[in-house]
Amino acid sequence: MVILLFGPPGCGKGTQARLILDWFKPRIIPSISTGEMLRAEMAAKTPLGLKTQAIITAGGLVSDDIINEILCARISQPDCAEGFLLDGYPRTVEQAEYLDKLLAARGLPPPVVIHLDVPSHVLIGRMISRRQCPKCGRMFNILTDRPKVPGRCDDDDTPLIVRKDDREDVITERLKTYKEVTRAVLSHYESAQHFQISGDRSAAYIFEEITKILEGIVEGERYQGGGI
Ligand code: ADP
């Protein structure tokens with residue numbers, strides 16, 4: 001199964017991705033976040049990280065060529081042979097078309113699209129108050145999902161940081177990019193398995209909705225004799 005978590009920045013894709021991976025255990029599903037991959041490149045100051053840094057911190061989109069190349073390299077790894085979860089890709093119609101070709105070439109089915117829909121004013125508030133663990137990537141929110149020890153990650157005690165692109169001016173730009181470019185990806189998936197969930201709820205509520213969807217799909221595949 002290929003799961004595609006889709007929605008505006010700050011809609012909770014990363015949080016739900018973690019919960020979904022846990023739900024599938026003991027089966028291990030690779031979770032691929034192009035944003036996390038790019039942040040790792042920036043932190044390591046690789047040529048790719050240095051090249052993309054200015055675009056990311058300004059709230060724009062990295063070019064399709066670059067992103068498609070890193071995605072192709074990642075899903076060519078053996079752990080992706082049976083499927084994976086995508087968070088933050090595809091973000092343009094060109095990327096969606098490229099993904100179609102990659103999946104077909106690997107004999108994988110079209111993705112199950114889970115769209116988390118959240119109004120812009122909620123997103124801005126959420127992103128301004130979120131904090132991330134630079135080591136494990138876990139997100140917290142100083143208003144709604146506080147770490148047990150203020151300023152430190154619950155999982156590995158690393159000091160939490162504010163992402164460079166979580167400043168209000170950059171957030172506004174990211175939301176604009178989403179509306180003008182990324183939202184159009186949804187129409188590409190009109191005929192695919194496509195589920196819309198109102199993301200303006202608690203993470204636990206949203207996850208319950210997602211598990212209902214996934215249970216239905218996993219049951220269906222079991223019935224047809226397929227795996228995830
Ligand atoms: P969010 O979903 O919160 O905006 P991400 O971590 O998914 O954050 O992405 C951070 C940034 O990385 C994006 O604003 C963009 O600049 C870049 N990026 C991530 N994925 C893609 C993609 N598929 N295509 C182009 N740029 C991307």
Side-chain angles (χ1 to χ4, degrees), residues 2-18 31-44 46 48-75 84-103 111 113-120 122-134 136-141 145 161-186 188-189 199 203 206:
V2 175
I3 303 170
L4 199 159
L5 281 179
F6 187 87
C11 70
K13 299 185 293 288
T15 303
Q16 295 302 326
R18 281 170 180 266
S31 167
I32 303 173
S33 157
T34 42
E36 288 298 335
M37 289 166 88
L38 292 169
R39 276 188 288 281
E41 300 282 341
M42 287 197 291
T46 64
L48 175 63
L50 295 171
K51 192 166 158 188
T52 52
Q53 186 160 324
I55 303 165
I56 296 170
T57 45
L61 289 183
V62 172
S63 79
D64 290 335
D65 288 351
I66 293 179
I67 285 287
N68 287 342
E69 198 181 318
I70 64 172
L71 184 91
C72 177
R74 178 62 189 92
I75 72 168
F84 43 85
L85 180 151
L86 289 173
D87 155 9
Y89 181 97
R91 262 176 151 98
T92 65
V93 173
E94 287 72 17
Q95 291 177 17
E97 287 166 352
Y98 181 77
L99 178 65
D100 286 348
K101 287 188 207 135
L102 283 183
L103 296 182
V113 182
I114 299 178
H115 171 203
L116 303 179
D117 196 22
V118 184
S120 300
V122 177
L123 295 169
I124 296 173
R126 275 191 196 176
M127 280 189 275
I128 287 174
S129 51
R130 75 181 178 178
R131 302 289 180 267
Q132 186 173 33
C133 172
C136 71
R138 182 165 166 187
M139 282 287 185
F140 295 87
N141 186 300
D145 178 22
I161 55 157
V162 177
R163 255 170 60 176
K164 283 201 181 100
D165 56 352
D166 275 351
R167 292 194 343 243
E168 195 162 354
D169 53 335
V170 186
I171 292 172
T172 310
E173 202 47 45
R174 283 159 67 202
L175 291 174
K176 193 163 156 247
T177 307
Y178 176 78
K179 272 191 202 137
E180 289 175 0
V181 184
T182 305
R183 246 194 105 86
V185 170
L186 278 177
H188 180 84
Y189 290 116
I206 297 167

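Count residues from 1 along the sequence. Atoms within each ligand, like the ligands themselves, are counted from 1 in listed order.
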| Quick check: are there more than 12 heavy atoms from other residues, nucleotides or ligands sitting under 6.0 Å from CD of E69? | no

| query | Got a salt bridge between D145 and R126, using NZ or NE/NH1/NH2 to carboxylate O under 4.0 Å? | reply | no

| Can you name the ring-ring contact (aromatic ring centres under 6.0 Å, His included) partners of H188, sequence neighbours left out? | none

| task | Quick one: closest heavy-atom pair of R163 and M139, and the distance? | result | NH1-CE, 3.7 Å

| field | Sub-4.5 Å side-chain heavy-atom contact between M127 and R130 | value | yes

| request: For the pair R174 (side chain) and D165 (backbone), establish whether a donor and an acceptor sit closer than 3.5 Å, ignoring hydrogens and angles. | output: yes

| In order of chain and number, which residues sit within 4.0 Å of ligand 1 by heavy atom? | P9, G10, K13, T34, G35, L38, R39, I56, G60, L61, V62, I67, G88, Y89, R91, Q95, R130, R163, D165, R174

